[in-house]
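Since the structure comes first, as structure tokens, the remarks are kept for the end.
Counting starts at 1 for both ligands and their atoms, in listed order. On a predicted model such as this, the values are computed, not experimentally measured, just so you know. All residue numbers refer to positions in the sequence shown, counting from 1.
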Amino acid sequence: MSTATIIDGRKFSATLRGRIAEEVTRLKNDHDLTPGLAVVLVGEDPASQVYVRSKGKQTLEAGMNSYEHKMPAETTQEELLAKVEELNNDPAVHGILVQLPVPDHIDDHAIINAIDPNKDVDGFHVINSGRLATGARGASAPMIPCTPLGSIMLLKDHLGDLSSKTAVVVGRSNIVGKPMAQLLLQESCTVTIAHSRTKDLPDVVRQADIVVAAVGRPEMVKGDWVKPGATVIDVGINRIEVDGKNKLVGDVATAEAMEHAGAITPVPGGVGPMTIACLLANTLTAASRQNGLEEPNLL
Ligand code: GUN
């Protein structure tokens, strides 16, 4: 029985955050510029509150300015659009993130697409997804969604060149599945996007040198779905109850998958910590671009 290498996202993200903090210090000293990230939270969803608090804390730790805007659950779409417009026009704010999900009476597409694409540190605006899909570079390079960006960094760090590898992304969300597939394609992988309607899903996953699980279903990807030696990126963060206790598990049955995979990201401690680190990286990139400065190379 072989046992997979654990891909340590905590360690990698700590190094990345250290590099970001160094660059922030340099921007302050050389250009009198402090990157600023505004996070808007509408309503009181407990999981969103935890994420937003964590984002604010890590933003300050990186030496950036953090602006938190908490709005009541009854906030209208017009009021939220007005907040986005105010942040678009604020020169101290380089990155804007509206925490999702927003309450049902608000159209999330309308909100996302009202954000200035150059401040869209989530990379969810249609302009950024279009730029990613078309491989735009230079002045029109996209902001890349944070979880896929963190996942591709871990993959490249572990595997080096990804070209010619077969990749299966399980999940087709705008936040992870679709942009992840674009990034893998850009690395010259042969990419399949699988989802809840995919026929013979275990067999499809078994073809993959790289498996990215992003479905939001606890331990759905079983060990014997994983080709021997494959690299498994588990994006899931699911809270389940085991023997009356809360437990965090991914979308992959990790213990089983360890017996087949060459390497795997754990939950917690894999992709999760990379997401906020990449949000900070995107904020730094956005601040640099908005001020006509060269983008820092963080890796
Ligand atoms: N909710 C869950 N993940 C995310 C994310 O990456 N960005 C935003 N804005 N909301 C989220």
Open item on the list: Strictly distance-based, threshold 3.5 Å: is any side-chain N or O of K222 a donor or acceptor partner for the main-chain N or O of E219?
Closed with: yes

Polar pairs, ligand 1 vs protein, N/O only, below 3.5 Å.
| residue | atom | partner | partner atom | Å |
| --- | --- | --- | --- | --- |
| ligand 1 | 1 (N) | Q99 | NE2 | 3.3 |
| ligand 1 | 1 (N) | L100 | O | 2.9 |
| ligand 1 | 7 (N) | D122 | OD1 | 3.0 |
| ligand 1 | 7 (N) | D122 | OD2 | 3.4 |
| ligand 1 | 9 (N) | V98 | O | 2.9 |
| ligand 1 | 9 (N) | D122 | OD2 | 2.6 |
| ligand 1 | 10 (N) | L100 | N | 3.0 |

TODO: Give a yes or no on whether the backbone of I127 and the side-chain of H125 come within a donor-acceptor separation of less than 3.5 Å.
DONE: yes

TODO: Look at E68 together with K70 and state whether they make a salt bridge at an N to O cut-off of under 4.0 Å.
DONE: yes

Task: Main-chain N/O of K245 paired to D243 side chain as donor or acceptor, under 3.5 Å - done: no

Open item on the list: Salt bridge or not between K247 and E241? Use side-chain N to carboxylate O under 4.0 Å.
Closed with: no

Open item on the list: Could you check whether any side-chain heavy atom of S173 comes within less than 4.5 Å of a side-chain heavy atom of P179, counting everything from C-beta outward?
Closed with: no

